[in-house]
Amino acid sequence: MSKVRVRFAPSPTGPLHIGGVRTALFNYLFAKQNNGDMILRIEDTDQARFVEGAEQYIVEALSWAGIKFDEGTHVGGPCEPYRQSDRKAMYRQYADQLLNSGHAYYAFDTAEELDEMREKLKAGGMAPQYDAVSRMSMKNSLTLSEDEVQKRLAAGEPYVIRIKLPRKEEVRFHDLIRGWVIVQTSAMDDKVLFKSDGMPTYHLANVVDDYNMKITHVIRGEEWLPSAPLHVMLYQFFGWLDVMPKFAHLPLILKPDGNGKLSKRDGDRLGFPVFPLEWKDPSSGEISSGYRERGYEPEAVVNMLALLGWHTSDNREIFSMEELIQLFSLEKISKNGAKFDPEKAKWFNHQHLLLKTNESIAEEIIEECKANGIDTDVNYLSKVVGLMKEKVNFKHEILAKAKFFFNVPAAYDEQVVAKKWTAAAVDFLADFAQRISVLTCPMATDLEQIFKDLAAEKNVGTGAVMQPLRLAISGEGGGPPLFEMLSLIGVQSCAERIGLAIQKLPLNQNS
């Protein structure tokens with residue numbers, strides 16, 4: 001068996017959708033599991049839709065996701081160049097090969113003539129396509145004399161080259177996800193292979209490049225399934241069927257409600273990103289949010305995308321990239337579309353945040369601390385992270401929810417004050433502050449025992465005084481484990497905070 005070679009071949013027409021990232025990921029997992037090669041090829045034959053900066057965005061986005069390429073526009077390789085516009089000169093010979101073998105033809109039809117043809121077919125209840133029947137009434141090298149064709153070519157008249165499909169033939173191929181796919185050529189178009197601007201269309205360039213780059217498996221989105229029969233015919237016409245890659249068409253990523261393909265509009269409407277990185281449209285200046293800028297861990301995004309259409313036998317959900325490479329298989333990919341769940345995406349991020357060490361997270365957010373005027377070090381910050389990361393979905397939320405670890409509260413939860421800040425609670429807290437202020441670096445367990453002993457002495461329930469204590473220290477009614485929080489902040493600071501709260505906060509009038 002030849003070495004596995006797969007490619008991810010996006011068009012630089014804008015930002016990369018997360019569906020595209022998933023396609024790249026599945027290619028990468030399959031290649032690495034089989035000790036194969038992963039290639040990045042930029043398919044920019046449609047120059048009218050080219051967007052400045054899109055190719056760089058694609059490369060950066062996939063790098064952020066941890067998807068590495070063995071060959072490509074940014075790393076080079078034995079099949080250079082990997083950008084189709086840089087390969088433009090080579091495609092014409094393949095179009096000529098099909099012309100010479102009778103599998104393609106020149107077509108000189110104008111846009112108006114094509115529109116007229118389609119309208120007539122629709123009016124007659126037929127499919128509006130340029131096919132084995134309709135082509136015989138059009139202006140092409142099948143209906144014009146050879147002299148007329150040569151005259152038009154010599155005069156520089158615009159033309160395209162179309163594939164010449166047989167009128168009635170069955171096209172069959174086996175899809176590794178969907179099984180056998182069977183299409184009749186009578187239901188297919190004579191697609192344009194070579195455009196009047198001298199560029200090949202996607203169909204010709206795609207097949208020629210896959211052949212020349214020795215691609216063994218084409219793993220791509222479901223939207224390309226209708227093109228596959230045409231590509232099979234091209235392999236047949238070129239005489240390449242014996243090396244035709246195996247196809248696997250991935251299911252769509254659906255809207256959260258399951259009705260249709262996930263789009264940017266869904267993200268805008270529901271408030272979640274559909275792009276891996278933030279994108280600024282060069283023409284309109286419009287900014288679209290990205291997973292990276294929203295604070296998602298790349299490992300979490302990869303994990304989430306892997307499970308959109310693929311699963312393991314035991315329905316496990318949390319994986320590292322290395323584990324995905326070991327376990328991935330095309331056989332476990334569903335034929336059905338996978339609903340995107342923005343809340344589950346946050347859950348994945350939370351789970352991967354828990355897997356990271358406190359120190360690594362602290363190192364990642366220490367600069368944010370400095371930018372916010374917080375004077376701390378990685379050692380202290382890592383301890384804060386350890387207490388807070390269970391409470392957040394994103395690492396940037398840690399500082400927002402942990403300000404009390406660095407500063408005396410500037411405000412207090414009014415609802416907790418109104419409900420819990422009683423005379424009994426204040427009396428308890430005053431004594432508690434006095435007892436802990438004389439200690440030197442007590443453990444959380446020591447503080448908890450002092451708290452319980454004092455509550456027993458004063459005959460008050462711990463539930464009546466625990467939230468007021470938390471309020472005095474943090475200004476909030478909830479948060480990380482209370483006594484670990486006190487131990488980390490330090491008993492002297494905690495005692496001072498309790499005293500300050502007693503001075504500032506009004507008593508519950510019903511106490």
Side-chain angles (χ1 to χ4, degrees), residues 7 9-13 41-50 79 81-115 117-118 128-132 134-166 171 185 188-213 215 218 224 226-241 244:
R7 83 310 193 265
S11 298
T13 56
R41 187 173 73 221
I42 298 297
E43 300 199 338
D44 58 347
T45 56
D46 190 348
Q47 291 290 293
R49 297 178 62 219
F50 172 81
C79 298
Y82 293 93
R83 190 178 297 107
Q84 285 184 337
S85 59
D86 294 336
R87 299 166 67 84
K88 177 180 176 180
M90 65 171 285
Y91 297 114
R92 180 63 202 232
Q93 63 180 300
Y94 292 98
D96 287 341
Q97 183 180 331
L98 293 175
L99 286 168
N100 294 334
S101 64
H103 292 122
Y105 57 94
Y106 295 106
F108 300 94
D109 315 285
T110 65
E112 292 76 19
E113 289 167 338
L114 290 171
D115 288 340
M117 177 267 287
R118 294 186 184 107
Q129 59 188 23
Y130 203 120
D131 58 18
S134 62
R135 69 191 179 204
M136 299 314 296
S137 63
M138 301 302 291
K139 199 164 58 180
N140 54 57
S141 57
L142 302 177
T143 59
L144 300 172
S145 69
E146 186 173 343
D147 286 346
E148 179 67 17
V149 170
Q150 292 304 318
K151 181 180 175 182
R152 289 173 181 266
L153 293 175
E157 187 171 328
Y159 67 86
V160 298
I161 299 174
R162 291 181 178 272
I163 189 170
K164 183 185 176 185
L165 293 174
V171 184
T185 55
M188 298 168 60
D189 270 338
D190 281 2
K191 293 289 188 186
V192 173
L193 301 178
F194 206 80
K195 296 179 290 186
S196 57
D197 64 1
M199 287 292 284
T201 62
Y202 163 79
H203 304 292
L204 178 64
N206 179 278
V207 168
V208 166
D209 285 346
D210 283 349
Y211 171 76
N212 284 317
M213 294 181 183
I215 300 302
V218 170
W224 294 112
S227 299
L230 175 67
H231 298 170
V232 172
M233 291 301 296
L234 283 170
Y235 277 101
Q236 178 180 317
F237 290 166
F238 281 124
W240 299 339
L241 281 177
M244 183 174 74

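Just so you know, residue 1 is the first one in the sequence shown, and it goes up from there.
- Partners of Thr185 under the side-chain hydrogen bond (donor to acceptor under 3.5 Å, both in side chains) rule, at least two apart in sequence or in another chain, do not exist in this structure.
- Qualifying side-chain contact (heavy atoms from CB on, under 4.5 Å) partners for Tyr91, counting only residues two or more places apart in sequence or in other chains: Gln84, Arg87, Phe194, Pro200, Ala205, Val208, Asp209.
- Judged by distance alone, the side chain of Glu113 and the main-chain N or O of Thr110 form a donor-acceptor pair under 3.5 Å.
- Take Lys195 and apply the salt bridge (charged side-chain N to carboxylate O under 4.0 Å, His left out) test, not counting sequence neighbours, and it matches no residue.
- In this view, Asp115 and Arg118 satisfy the side-chain contact (heavy atoms from CB on, under 4.5 Å) rule, not counting sequence neighbours.
- Residues that satisfy the side-chain hydrogen bond (donor to acceptor under 3.5 Å, both in side chains) test with His231, not counting sequence neighbours, are His203, Arg220.
- Every salt bridge (charged side-chain N to carboxylate O under 4.0 Å, His left out) that Asp190 has, sequence neighbours left out, goes to Arg135.
- In this view, His103 and Leu98, Ser101, Phe237 satisfy the side-chain contact (heavy atoms from CB on, under 4.5 Å) rule, not counting sequence neighbours.
- Shown here are the ring-ring contact (aromatic ring centres under 6.0 Å, His included) partners of Phe238, two or more places apart in sequence or in another chain: Tyr94, Trp240.
- When all heavy atoms are compared, the tightest approach of Met138 to Thr143 is O-OG1, 2.6 Å.
- With sequence neighbours excluded, the residues forming a ring-ring contact (aromatic ring centres under 6.0 Å, His included) with Tyr159 are Tyr106, listed by chain and number.
- Among residues two or more places apart in sequence or in another chain, the side-chain contact (heavy atoms from CB on, under 4.5 Å) test is passed with Ser137 by none.
- Each of Val171, Ile163, Asp131 was scored for a side chain to side chain contact (heavy atoms under 4.5 Å, CB included) with Met188, with one residue passing: Val171.
- Between Pro81 and Met213, the shortest heavy-atom contact is O-CE, 4.0 Å.
- With sequence neighbours excluded, the residues that form a salt bridge (charged side-chain N to carboxylate O under 4.0 Å, His left out) with Lys191 are Asp189.
- Put simply, the side chain of Asp44 gets close to the backbone of Ser85: a donor and an acceptor are under 3.5 Å apart.
- For Asp197, there are no salt bridge (charged side-chain N to carboxylate O under 4.0 Å, His left out) partners at least two apart in sequence or on another chain.
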